[in-house]
Structures are given as structure tokens and as C-alpha cells.
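Since the structure comes first, as C-alpha cells, the remarks are kept for the end.
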Amino acid sequence: MGLFSEFLTAIWNRILDNKGKVTSTGGFLFGILVTLTFKDLYPDLEASYRRRLRQLRGQNVPRLPPDQTDTVHLEDHTKDSSNVVANLDDDRRTHDVATDEHIGVGVAGLIGNTPLIKLKSLSDATGCEILAKAEYLNGAGNSPKDRVALSIINMAEEEGLLVPNRGDTIYEGTVGSTGISLAAVCRARGYKAYICMPDDQASEKSDLLLKLGAIVERVRPASIVDQDQFVNLARRRAQEHTNDPTKPGRGFFADQFENTANYLAHLATTGPEIYAQTNGHLDAFVAGAGTGGTISGVALALKPHLPGMQVVLADPQGSGLFNKIKHGVMFSSTEAEGTRRRHQVDSIVEGVGINRLTKNFSAGIELIDDAVKVTDEQAMKMARWLVEKEGLFVGASSAVNCVAAAVTAKRLEKGKRIVTVLCDSGTRHLSKFWKEAGDIGGADVEFSLEEILGTGN
């Protein structure tokens with residue numbers, strides 16, 4: 001240490017003259033000294049920077065654009081390549097431990113955690129804050145049914161009813177969205193999908209199912225009491241598969257209407273997400289019911305924490321659920337199952353509305369406080385409004401939900417917060433619902449929100 005101290009003293013004396021000022025030679029030597037010191041320090045500075053960045057990313061802090069983060073490097077080209085590779089490997093190992101849990105696996109990693117957005121036009125028009133859970137951004141089948149499909153398959157696997165890649169086929173009766181979600185998740189998990197659906201549904205749904213590799217059997221619309229009704233047919237096809245020794249694997253009937261894995265998916269995921277996204281500040285939740293899984297699951301998740309929150313059913317014309325909630329009876333004599341040829345309701349709206357109580361709807365029925373009846377005309381006008389005012393192109397069930405959310409807002413005090421659901425895109429409803437709703441074609445919407453709400457019964 002004595003020789004090193006003498007060396008530093010000599011360097012320092014060359015940097016400063018006898019008056020304490022930096023000499024020209026001294027400046028040069030000082031630069032060399034700082035460079036040599038910083039050369040050893042900046043790998044530690046970079047490691048500290050990366051640790052802080054990973055810490056921030058573990059919180060709810062948005063990432064900076066790539067050109068401001070991942071491409072910022074302090075590089076040392078004086079080290080040999082083996083040391084550089086070793087340092088990179090160490091950094092990657094640290095990065096893997098810190099962030100791999102945030103990386104989704106396959107299509108299942110695209111399901112859930114959908115955004116909650118404010119519908120500004122409806123909020124401004126009603127005086128309440130109307131928020132929409134963008135469930136059409138689920139990444140498998142682009143609807144809330146992604147959560148249901150994944151839950152059904154996970155629970156069946158846990159019970160040993162399904163085994164990947166042994167030839168098992170999942171059968172389901174659906175008007176479209178659940179089948180699409182099942183077809184996508186089945187392909188990812190090693191199963192085949194067989195979908196039975198009414199032949200009066202929008203053709204783009206069956207076209208998409210075929211593109212996803214599902215077998216599609218379209219049948220005439222029928223009441224649930226008919227053994228050839230699409231749900232009953234799917235159940236029978238599954239049993240026929242299981243009983244046929246020439247077919248590989250077994251047939252599994254998903255049974256979305258009665259399988260409680262449906263509402264449990266929303267109890268475990270959708271409800272808690274809404275609570276977190278609203279910080280527990282929520283006055284009403286509004287949703288339609290086909291199987292009833294969404295409204296029951298979300299109500300069961302939120303009501304224990306928010307007992308003053310209202311749960312409101314959005315029901316299309318012809319459905320019996322409105323009467324059940326409002327008057328305690330399932331349907332009027334003209335709406336009873338078996339009196340109609342259609343399987344569901346006399347409405348162009350697909351995906352919501354039904355004339356029987358399912359296990360999933362029954363699970364949360366006691367928590368539903370109110371109901372809003374929505375006509376086809378209201379739904380079509382609301383769909384056009386959402387395109388014109390919000391730039392949102394949604395399907396029929398989403399439009400029904402938004403009408404009911406606006407009606408609920410009008411019934412509540414100003415300043416209340418309401419959450420509803422945007423179920424799927426309008427691209428699945430081009431040949432039916434949007435064909436009736438018509439093209440906007442650059443024209444402005446010619447009616448007010450009051451005119452939309454005033455067209456109901």
C-alpha cells in the first residue's frame with residue numbers, strides 16, 4: 001500500500017500545480033483516472049438500473065416504450081467475449097426469476113384481466129359513470145365464454161373426465177360464443193370440439209367454428225322439450241361417442257347451462273377483477289343472462305363486499321327472466337317453453353335471454369335486485385349509438401347491456417358508478433343483428449339517448 005499511495009500522490013501532484021490549479025497535463029491524467037474508475041463501476045450501475053426496472057415492472061407501473069428501456073445498455077467492449085456471455089447469462093437468469101410468472105402460457109394466458117373502460121357518451125348523457133368490462137378482448141374466442149370454456153375443461157381434467165391427446169371430444173350445444181371459445185381452447189389443450197347449434201344463428205359463427213377445426217352440426221330451432229333441440233342433441237352425441245368402441249377417447253358434454261364451472265369462473269375471476277379495477281367503488285352491476293353464469297358469478301363475488309350494490313338483469317324481449325325477477329313468475333302463458341318453435345326467445349338478439357331457470361342463473365338469483373326489459377329496436381339503436389359516439393362496434397348482447405345500464409343510471413342518483421359488460425364484437429352479428437340495424441355509412445346518429453330509452457315497453 002505504501003508504493004500505491006506514493007504513486008497516487010505523484011499523480012495528484014502532476015494534476016495540480018503549486019497554486020492548486022489543474023494543469024493541462026493534469027487534466028489529461030485526471031480523465032484517464034476517472035475513465036479507469038468508471039470502467040469498473042458501470043457494470044454495477046447497469047445491474048442496479050435493471051434491478052430497479054424489474055422492481056417497477058412488478059408493480060402496476062406502465063412500461064416505457066422499448067426504445068427507452070430494453071435498448072438502453074452500458075457496454076464494455078474492453079472485456080473478452082467469454083466474460084460478456086457470462087454476464088448476459090447471469091442477467092437472463094435473474095430476469096427469468098423476476099418476470100416469468102407474468103408470462104402467460106399459450107391461449108389460456110390470453111384469458112382474463114380484460115380492461116374496464118369508461119363509456120363517455122353514456123356517462124355524459126346520464127350523469128352517472130358508466131363503465132364497461134371489455135370481455136370481447138379475451139384472446140381465445142373473444143368473449144366472456146373464454147373464461148367458461150377454460151373453467152369447464154380444467155375442472156373436467158381435475159376430475160379425470162378428460163385426458164389430453166387420447167382422442168377425447170368435447171360436445172356442446174350453443175348459439176355461438178361458447179362453441180367458439182371451446183373450439184379454440186380445445187385445440188390448445190389436445191381435444192376436438194363438436195358443436196351443435198340452431199341453423200337460424202348468424203352464419204359467421206358457424207364459419208368461424210369450422211376455421212377453428214370444430215365439427216358443426218346445425219339443426220332446426222326447437223324447444224328444450226324436443227329431444228332434437230341443439231343442447232339435447234349435443235348431450236346425445238357425447239354419449240354416442242363414449243358408447244362407440246370404434247371412436248378414440250370419450251365424448252364429454254360441456255353442458256354450459258347446468259355445469260356450475262360456468263358461474264364459478266366468473267366468481268373466481270371476473271368479479272374480483274371488477275372489484276380491483278373500481279377499487280371497490282361500485283353502485284350497480286348490469287348484465288344479461290343466457291346461461292346465467294356471468295351475472296351470478298359476479299354477483300356472488302361482489303355482493304359480500306358491496307352489500308349496497310345493485311345487481312340488475314338486462315333481458316331481451318321474449319325472455320322470461322325479466323318476469324321472474326320483477327314478478328316472481330318465470331313466464332307468461334305465451335312465453336312458456338313448448339309453445340314456440342324457437343329454442344330461445346322471439347328476438348334478433350343472440351346469446352342472452354331464456355325461458356327456463358338454469359343451475360348457473362339459480363346460483364345467484366337471490367342477489368339480483370332489478371331487471372330491465374330491452375326491445376330489439378332499443379338494442380339496434382344503442383349499437384348504432386356506440387359506433388357513432390364511442391367508436392365501439394359490438395354485438396347484440398352488448399347493446400342490450402348498455403341499454404339496461406343507461407336505464408339503471410336514470411333510476412339512480414347522479415354521480416353513481418355502474419359497470420356492465422361488452423360481450424363480443426359486432427363482426428359475429430353482421431348477417432343478422434347488424435343487417436337489421438343497418439349501415440351507419442358516415443351518417444350521424446339521428447336520435448338521442450332519451451329516444452333510445454323511450455322505445456321500450
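The residue from Ser143, Cys186, Pro144 that alone fulfils the side chain to side chain contact (heavy atoms under 4.5 Å, CB included) condition with Ser181 is Ser143. Screening Leu264, Leu367, Ile295 against Leu300 for a side chain to side chain contact (heavy atoms under 4.5 Å, CB included) leaves a single residue, Leu367. Residue Arg147 forms a side-chain hydrogen bond (donor to acceptor under 3.5 Å, both in side chains) with just one option from Thr294, Thr270, Asn262, and that option is Thr270.
Heavy-atom minimum distance, Thr278 versus Val419: CG2-CG2, 4.1 Å. Contact record, Asn355 with Gly320: OD1-N, 2.7 Å, taken as the closest heavy-atom pair. Annotation for Met197 and Val216: closest pair SD-CG1, 4.1 Å, computed over non-hydrogen atoms. Gly179 and Ile195 get closest at one heavy-atom pair: CA-CD1, 3.7 Å. Between Asp315 and Gly353 the shortest heavy-atom distance is OD1-CA, 3.9 Å. Scanning all heavy atoms of the two residues, the minimum distance from Ala188 to Val107 falls at CB-CG1, 3.4 Å.
Gln256 and Asn259 share no donor-acceptor pair across their side chains, judged by distance under 3.5 Å alone. Side chain to side chain, Ser347 and Gln317 fail the donor-acceptor criterion of an N or O pair below 3.5 Å. A donor atom on one side chain and an acceptor atom on the other are found under 3.5 Å apart for Ser206 and Arg218.
Between Glu157 and Arg189, some side-chain heavy-atom pair lies under the 4.5 Å cut-off. Looking at Ile111 and Val185, their side chains come closer than 4.5 Å, going by heavy atoms from C-beta outward.
Under the side-chain hydrogen bond (donor to acceptor under 3.5 Å, both in side chains) criterion, Asn360 pairs with no residue at all, not counting sequence neighbours. Legend: residues meeting ring pair (Phe, Tyr, Trp, His ring centres under 6.0 Å) with Phe393, ordered by chain and number and at least two apart, are Trp434. Judged as a side chain to side chain contact (heavy atoms under 4.5 Å, CB included), and not counting sequence neighbours, the contacts of Ala184 are Ala140. For Thr242, the side chain to side chain contact (heavy atoms under 4.5 Å, CB included) partners two or more places apart in sequence, or in a different chain, are Gln239, Arg250.
Here Glu258 does not pair with Lys359 in a salt bridge; the nearest charged N to carboxylate O distance is not below 4.0 Å. Classification of Lys432 and Glu436 as a salt-bridged pair fails, no side-chain N sitting under 4.0 Å from a carboxylate O. Between Asp168 and Lys192, no side-chain nitrogen of the basic residue sits less than 4.0 Å from a carboxylate oxygen of the acidic one, so the salt-bridge criterion is not met.
The backbone N or O of Thr114 sits less than 3.5 Å from a side-chain atom of Gln277, completing a donor-acceptor pair. Side chain of Thr358 to backbone of Thr291: a donor-acceptor contact under 3.5 angstrom is found.
Ring geometry, His327 versus Phe322: the interplanar angle exceeds 60°, so the pair is classed perpendicular (tilted spans 30 to 60°).
Between atom CD1 of residue Ile368 and atom NZ of residue Lys303 there is a gap of 10.0 Å, rounded to the nearest 0.5 Å. Between the OG atom of Ser123 and the CD1 atom of Ile418 there is a distance of 8.5 Å, given to the nearest 0.5 Å.
Annotation for Lys247: atom NZ counts as buried by contact number, over 12 foreign heavy atoms lying within 6.0 Å. Counting heavy atoms of neighbouring residues, nucleotides and ligands inside a 6.0 Å radius, atom CG of Asn243 exceeds 12 of them. Other residues, nucleotides and ligands place no more than 12 heavy atoms under 6.0 Å from the CD atom of Glu366.
The ring-ring contact (aromatic ring centres under 6.0 Å, His included) contacts involving residues 171-219 comprise Tyr171-Tyr194, Tyr171-His241, where partners must be two or more places apart or lie in separate chains.
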What pairs of donor and acceptor atoms, side-chain ones from residues 421-430 against any protein atom, are under 3.5 angstrom apart with sequence neighbours left out?
from: Asp424; atom 1: OD1; to: His429; atom 2: NE2; distance (Å): 3.3
from: Asp424; atom 1: OD2; to: His429; atom 2: NE2; distance (Å): 3.1
from: Ser425; atom 1: OG; to: Thr427; atom 2: N; distance (Å): 3.1
from: Ser425; atom 1: OG; to: Thr427; atom 2: OG1; distance (Å): 3.0
from: Arg428; atom 1: NH1; to: Gly141; atom 2: O; distance (Å): 3.2
from: Arg428; atom 1: NH2; to: Gly141; atom 2: O; distance (Å): 2.0

